[in-house]
Amino acid sequence: MRYAIDVREHYYVPAFRLSAFAVTGLRTGDPGATRTIELRTLAQGTGKHLVPLDRIIGRLVNASGLIGGLQAVSPTILGTLMDLLMQTERLHWRSVHEPAL
């Protein structure tokens with residue numbers, strides 16, 4: 001699993017977007033084909049591409065308020081989520097084919 005973060009402006013208001021992808025690895029170690037995974041179902045997801053850490057990330061995404069639109073985003077939980085994603089080298093800028101942050 002890899003995650004991509006994107007921050008863009010929409011009418012001068014910054015918009016934060018986090019996306020999850022199931023990525024197959026090539027023999028060279030580079031990322032191959034990607035498949036988008038819904039963040040809503042990540043916490044309860046099953047499959048060989050999900051490990052327990054991905055379910056924890058899914059729970060943090062649900063608790064942070066990133067999903068749902070009108071909820072306030074918790075800075076503490078969002079900071080914990082970003083820290084976890086960066087420490088495990090799963091977070092990329094705009095595309096999973098970019099180097100990890």
Let me confirm one number: the [atom1]-[atom2] distance from [X] to [Y], rounded to the nearest 0.5 Å.
X: I37; Y: S19; atom1: CD1; atom2: OG; value: 11.5 Å
X: T88; Y: L53; atom1: OG1; atom2: CG; value: 5.5 Å
X: L85; Y: Y3; atom1: CG; atom2: OH; value: 6.5 Å
X: D83; Y: L60; atom1: CG; atom2: CG; value: 10.5 Å
X: S64; Y: I57; atom1: OG; atom2: CD1; value: 12.0 Å
X: L50; Y: L42; atom1: CG; atom2: CG; value: 6.0 Å

Mind listing the closest non-hydrogen atom pair of [X] and [Y] along with its distance?
X: E89; Y: H92; result: O-NE2, 4.3 Å
X: A43; Y: G58; result: CB-C, 3.8 Å
X: M1; Y: A22; result: SD-CA, 4.0 Å

Next on the checklist: Which residues pass the salt bridge (charged side-chain N to carboxylate O under 4.0 Å, His left out) test with R94, not counting sequence neighbours?
Outcome noted: D6
Checklist outcome for this item: The salt bridge (charged side-chain N to carboxylate O under 4.0 Å, His left out) partners of R90 (sequence neighbours excluded) come to D54
Next on the checklist: Out of the candidates L39, I56, I77, only one should pair with V61 under the side chain to side chain contact (heavy atoms under 4.5 Å, CB included) rule; please name it.
Outcome noted: L39
Next on the checklist: Tell me if a side-chain donor or acceptor on T24 pairs with a main-chain N or O of A33 at a distance below 3.5 Å.
Outcome noted: yes
